[in-house]
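Only one structure is covered here, and it is reproduced in the block below.
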Amino acid sequence: MKILFVNPCLRPTAPHRYLPVGLGYVVTAAQEAGFAFDLLDVDIDALSDQKVEEHIIRHRYDVVLAGSIVTHYKWMKWFIGAVKAHQPHCTVVVGNSVGSSIPEVILHYTATDIVVLGEADVTVVELLRALDAGKPLGEVIEPETPIAHHNGALPPTIKGRGIEGIVFRDGSGRLVNNGKRKAVKRIDDLPYPNWDIFDVERYIHLCRTTAHDTTRYPVEEARVMPVNTARGCVFKCSFCHYVFWDDPYRHRSPESVIGEIRRNQQKYGANYINFWDELSFHKIEPAIKFVDALIKADLGIHFTAAIRTDLLGCAEDPYELRVGLAEKMKQAGCLAVGFSLESANEEILIAMNKRVKGEYFNEQVRILRQVGIISNTSIIFGYPQETPDTIRETLQSCLRARVYPSPGFLLPMPATGMWNHAIDNGYITDIDRYLDTITERQDFSVNMTKMSDEQLKEVALSELAIVANDLGLDFGGSLMRTGGENKHAKNQEVEMHRNFNDTMNYANVIGAV
Ligand code: B12
Ligand code: SF4
């Protein structure tokens, strides 16, 4: 069976590239199960659509597997169409949120054969084995039971049984939904992603410029690699979705994480690790345990992680414990952490279901600054409750904390509370068209506030300018940044929601410490 895995490119004109951790896990699982495959890495090889199409014309495949974040819907649609145009009998499998969060949509608007729901490490292997052996993928459970969804009037998927974690098109065109697979219980048991499958050296080279200022070695010597330490999150914010949404929050043991870091050091010379998690440290005690183990391992690395403002900012936890953790994080090599303010307005925080208080933010930034760790934070403009005053309130909070945020607009994404709100209230009527046009949260998409589009943008930008000025930061007018860069290749051009400020790359915005 000839298999092709594809790594799409989310930000073609961005200067950096990140190793794709999700795909890394999936191809490693396939390899360990004994499957041989080709990898078309559109990202690192900067392949134009024409080159991608040429590859499909030149090679024959039985199965093509690709996955991406749902914001890449338009390109994925084009890609699936191209595969089916040149190889109609090839089985197309789609994973990650572009499949998992919208199975009804991707199966309706493209010729995708199979969608992998959620965590794919185990499912992909079972699926490939079944396809290889020509075994059935499952069957409809009679009587037919449609599965409710929030994706407009599209035909629903139908309850089925068989390989868990897939939705597939059966012989009579029904969309058979075998249901979610139970999440892997011990993620320690998953093999480390085998980066030899990718052009790892070029990724490391192109990731160097993302490193924050280092102290353990000159920053030009930074060799940045990702490690996934946890899957999922314990919270349910109404703007957020990730593929582990319905799975429990799972953490790897410090030994397993340290083992992978050592492997990355020895094999690839890594010395700077991004913990690519939704939430790396959830509670103080386990975080201390983890960081103690890192200190003891004496790896000489730097790292970044994802936390929430209640980790160090919640005054209900003893102050010494919070500062103690921050000090240990610094000692272990932490340079920067990402956590979201999102809004300083209590009503909006409640609508977001953030379950944090605005005041945590200032406290956390203060503690991190005290120990010398950079705070990277993001904010969202445009919840339905947003007014010019709430925008000011949020940005004044950034100013008080002396942090320039990574700002963006509310981007309703499928399978989120705000998606349901947008659909139910008629802000999104044509799902296919909407998904074709979305890019990044820095690109204005849907206005669900009572302000006009112009007022929302104008207030956001003018208040951001005040923060930048007061902090003495000069972004050359690019107050709102992203890597979307108005989408590049022809299959990603946006027809509307075009970014109103072309100067972007939020990945470069660093909290002003
Ligand atoms: C790294 C990262 C990025 C990188 C991606 C680079 C890369 N090559 O990986 C960059 C910086 C480009 C990025 C950008 C954005 N990101 Co981002 N990112 C992440 C982050 C921190 C880590 C991703 C990761 O490695 N996950 C760990 C792996 C194990 O999980 P996974 O990727 O989901 O993979 C599993 C499954 O999805 C599936 N799978 C994955 N790939 C494939 C492929 C196939 C063939 C199959 C079958 C299955 C499959 O199997 C994997 C293992 O179980 C996550 C947070 C997180 N932890 O997920 C956010 C996250 C994925 N990003 C998110 C968002 C919102 C964005 C942006 C839209 C933000 C913005 N600026 O607006 C942009 C999109 C840019 C664009 N132009 O479209 C959301 C996802 C939203 C959604 N509905 O999917 C997340 C979950 C963060 C969050 N909680 O909000 N991001
Ligand atoms: S926004 Fe962050 S805290 Fe909220 S659910 Fe998503 S990952 Fe968790």
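Owing to the predicted nature of the structure, the values given are computational and were not obtained by experimental measurement. In listed order, ligands and their atoms are each counted from 1. The basis for the numbers below is simple: all heavy atoms, side chains too, and nothing from hydrogens, waters or symmetry mates. We number each residue from 1, following the sequence as shown.
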Using heavy atoms and a threshold below 4.0 Å, how should the contact between [X] and ligand 1 be classified: side chain, backbone, both, or neither?
X: C240; value: side chain
X: P414; value: neither
X: V6; value: neither
X: E119; value: both
X: L65; value: both
X: D277; value: backbone
X: R17; value: neither

Residue pair T28 / N194, side-chain donor-acceptor N/O under 3.5 Å: no

Testing the 3.5 Å rule here: is there a donor-acceptor pair between the side chains of S238 and Y383?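 Yes.
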
So how many protein N, O or S atoms does atom 6 (Fe) of ligand 2 have within less than 2.8 Å? 1

Aromatic contact between [X] and [Y], with the criterion being ring centroids under 6.0 Å apart: yes or no?
X: W419; Y: Y434; result: yes
X: F303; Y: Y272; result: no
X: Y249; Y: H251; result: yes

How close do R322 and G313 get, heavy atom to heavy atom, and via which atoms?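 Shortest heavy-atom separation between R322 and G313 comes out as NH1-C, 3.9 Å.
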
Does any N or O atom in S97 lie less than 3.5 angstrom from one in ligand 1, N or O only? yes

Going by the order shown, which atoms of ligand 1 are within less than 4.0 Å of some heavy atom of [X]?
X: I69; answer: 15 (C), 16 (N), 17 (Co), 61 (C), 62 (N), 66 (C), 82 (C), 84 (O), 91 (N)
X: L23; answer: 41 (N), 43 (C)
X: A66; answer: 45 (C)
X: V124; answer: 47 (C)
X: V21; answer: 25 (O)
X: T71; answer: 68 (C), 74 (C), 76 (C), 78 (O)

Counting C-beta onward and ignoring hydrogens, is there a side-chain heavy-atom pair between H421 and P384 closer than 4.5 Å? yes

Contact check, side chains of L154 and H149, non-hydrogen atoms, under 4.5 Å: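 Yes, close enough: below the 4.5 Å cut-off.
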
Atom NZ of K2: over 12 foreign heavy atoms under 6.0 Å: yes

Would you list the atom pairs, donor with acceptor, under 3.5 Å between side chains in residues 276-283 and any protein atom, with sequence neighbours excluded?
residue	atom	partner	partner atom	Å
D277	OD1	N228	ND2	3.0
D277	OD1	T229	N	2.7
D277	OD1	A230	N	3.2
D277	OD2	T229	OG1	2.7
D277	OD2	S280	OG	2.8
E278	OE1	G232	N	3.0
S280	OG	A306	N	3.0
S280	OG	A306	O	3.4

I need the nearest protein heavy-atom contact for atom 3 (S) of ligand 2: residue, atom name and distance, please.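 Sorting protein heavy atoms by distance from atom 3 (S) of ligand 2 puts R308 NH1, 3.3 Å first.
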
Atom 2 (Fe) of ligand 2 - nearest protein heavy atom and its distance: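 I find the closest protein heavy atom is K354 NZ, 4.3 Å.
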
OG1 on T112 to CZ on F79, rounded to 0.5 Å: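 Reported to 0.5 Å precision, the distance equals 10.0 Å.
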
Run the contact test for S101 against ligand 1 with a 4.0 Å cut-off on heavy atoms, strictly below, and give the result.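 No; S101 lies far enough from ligand 1 that no heavy-atom distance drops under 4.0 Å.
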
Counting heavy atoms only, name the option from F409, F244, Y25 that's nearest to atom 35 (C) of ligand 1.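 Answer by nearest heavy atom: F244.
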
Could you tell me whether a side-chain N or O of K84 sits under 3.5 Å from a main-chain N or O of C90, the two making a donor and an acceptor?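 Flag set: sc K84 to bb C90 pair under 3.5 Å.
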
